[in-house]
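Worksheet for the structure shown next.
Note: hydrogens, waters and symmetry copies are ignored here, and every other heavy atom, side chains too, is used.
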Amino acid sequence: MSTDQVDIEKENETSNIQEEVHSIEESTVSVNQDNVDHVKDYKYAGFWMRFWAYLLDIIVIGSINRILVYPIFRLFDLPMDENSIFTPVSIMTAIIFYAYFVLMTKYFGQTLGKMAFGLKVISLKESKLNWSTIVFREWIGRFISGTVLILYIIIGFLPKKQGIHDLFADTTVIHERPS
């Protein structure tokens with residue numbers, strides 16, 4: 001084989017590889033653009049809708065504690081003193097609080113309060129919420145937001161209506177039914 005033929009074959013191989021890379025890049029851009037367009041179609045839930053849903057969730061959690069936790073503590077004559085966050089009843093009510101938000105969000109994408117107001121939690125990066133995202137959002141993020149309550153106010157000012165816990169987990173809350 002002559003050196004000219006070898007050079008031509010190398011150029012053809014290089015050209016084929018460049019075409020494949022270009023094709024892959026185009027398909028990646030197309031997929032990423034589809035995800036962005038999909039997210040843009042949502043109507044984001046603002047501060048007040050989320051606030052009312054959260055109040056309803058607090059009523060549900062308080063009811064669960066009053067129906068299950070407190071009677072069990074009374075039945076076994078366990079101390080009901082809530083003066084410290086490390087008392088058994090405080091620990092149990094905190095477990096109920098966080099378990100409610102984590103489990104409801106994982107299995108339904110929404111809590112009962114969000115269901116009542118037609119809201120849903122979505123991931124901005126993935127099609128489905130995964131455990132690590134939910135635990136980070138509902139446990140760690142909510143703890144941080146709950147520690148400094150003013151951080152919830154930023155929901156009203158950000159374009160995707162995200163709280164600090166949403167920003168950390170790359171999630172947001174949307175209206176389930178677009179208006």
Side-chain angles (χ1 to χ4, degrees), residues 35-36 38-76 78 80 82 84-179:
N35 287 343
V36 170
H38 181 66
V39 171
K40 286 181 183 176
D41 293 340
Y42 292 124
K43 181 178 179 200
Y44 301 111
F47 173 80
W48 289 109
M49 287 298 289
R50 293 173 68 168
F51 174 76
W52 295 119
Y54 181 74
L55 283 183
L56 184 55
D57 288 329
I58 294 301
I59 291 169
V60 169
I61 293 167
S63 299
I64 292 170
N65 288 333
R66 285 172 183 79
I67 291 170
L68 296 176
V69 176
Y70 297 149
I72 290 172
F73 271 70
R74 284 190 189 99
L75 179 68
F76 292 106
L78 297 170
M80 296 281 291
E82 291 187 30
S84 169
I85 61 170
F86 298 111
T87 61
V89 72
S90 295
I91 292 169
M92 192 62 193
T93 56
I95 289 171
I96 297 290
F97 177 88
Y98 288 112
Y100 171 82
F101 282 103
V102 168
L103 296 175
M104 290 294 292
T105 303
K106 174 59 183 164
Y107 292 112
F108 300 104
Q110 55 196 159
T111 59
L112 293 175
K114 286 182 183 76
M115 287 179 194
F117 287 92
L119 307 176
K120 188 168 191 159
V121 178
I122 63 164
S123 172
L124 295 175
K125 287 191 171 182
E126 301 153 1
S127 61
K128 193 173 181 184
L129 292 167
N130 60 39
W131 279 107
S132 61
T133 300
I134 292 170
V135 168
F136 196 79
R137 179 188 193 273
E138 298 296 345
W139 200 316
I140 298 165
R142 194 170 293 278
F143 178 78
I144 292 168
S145 294
T147 303
V148 184
L149 292 175
I150 196 78
L151 294 177
Y152 276 112
I153 302 295
I154 70 164
I155 292 169
F157 300 103
L158 294 176
K160 291 181 183 170
K161 308 296 185 194
Q162 295 171 287
I164 292 293
H165 55 290
D166 290 315
L167 291 171
F168 289 152
D170 288 319
T171 59
T172 191
V173 178
I174 59 163
H175 290 272
E176 255 188 319
R177 297 170 223 84
S179 54

Drop me the distance from Met104's CE to Ile61's CD1, to the nearest 0.5 angstrom. 10.0 Å
Between Tyr152 and Phe47, what is the shortest heavy-atom contact and its length? O-CD1, 3.6 Å
Report the relative orientation of the aromatic rings in Phe101 and Tyr54; use parallel for angles under 30°, tilted for 30 to 60°, perpendicular for over 60°. parallel
Are the side chains of Thr133 and Glu126 in contact, using a 4.5 Å heavy-atom criterion? yes
Treating Glu176 as the side-chain partner and Lys120 as the backbone partner, does any N or O pair qualify as donor plus acceptor under 3.5 Å? no
Side-chain heavy atoms of Leu167 within contact of Ile154, under 4.5 Å: yes
With side chain to side chain contact (heavy atoms under 4.5 Å, CB included) as the criterion, how do Tyr42 and Thr172 come out once you've worked through the C-alpha distance, each side chain's angles and the decisive distance to 0.1 Å? CA-CA 10 Å; Tyr42 292 124; Thr172 191; over 6 Å; no
So does Lys161 get a backbone contact from the side chain of Arg50, meaning a donor-acceptor N/O pair under 3.5 Å? yes
Residue list, ring-ring contact (aromatic ring centres under 6.0 Å, His included) with Trp48, at least two apart or on another chain: Phe51
Asn130 versus Ile134: any side-chain heavy-atom pair under 4.5 Å? no
Ile164 CD1 to Leu151 CG distance, which is reported to the nearest 0.5 Å: 5.0 Å
Are Thr105 and Thr111 packed together at the side-chain level, in the sense that at least one heavy-atom pair is separated by less than 4.5 angstrom? yes
For Ser90 and Thr87, test the side chains for any donor-to-acceptor distance below 3.5 angstrom and give the result as yes or no. yes
Leu75 atom CG: more than 12 heavy-atom contacts under 6.0 Å: yes
Side chain Lys106, main chain Leu129, donor-acceptor under 3.5 Å: yes
Just by distance, no angles: are the side chains of Asp57 and Tyr100 close enough, under 3.5 Å, to form a donor-acceptor pair? yes
What distance do Met115 atom CE and Leu56 atom CG have between them, rounded to the nearest 0.5 Å? 11.0 Å
Check for a donor-acceptor pair, side chain of Asp166 on one end and backbone N or O of Gly163 on the other, with a separation under 3.5 Å. yes
Measuring from Phe73:CZ to Leu68:CG, what's the distance to the nearest 0.5 Å? 12.0 Å
Which atoms form the tightest heavy-atom contact between His165 and Thr171, and what is the distance? O-OG1, 4.4 Å
Supply the atom-to-atom distance Thr93 OG1 to Arg66 CZ, rounded to the nearest 0.5 angstrom. 10.0 Å
Tell me, with the steps shown, if Tyr70 and Met80 meet side chain to side chain contact (heavy atoms under 4.5 Å, CB included). CA-CA 8 Å; Tyr70 297 149; Met80 296 281 291; 3.4 Å; yes
Nearest heavy-atom pair of Phe136 and Phe168: which atoms, and what distance? CE2-CB, 3.1 Å
With the side chain counted from C-beta on, respond yes when Gln110 and Leu119 share a heavy-atom pair under 4.5 Å apart, and no when they do not. no
Between the CZ atom in Phe97 and the CD1 atom in Ile64, the distance rounded to the nearest 0.5 Å is 11.5 Å
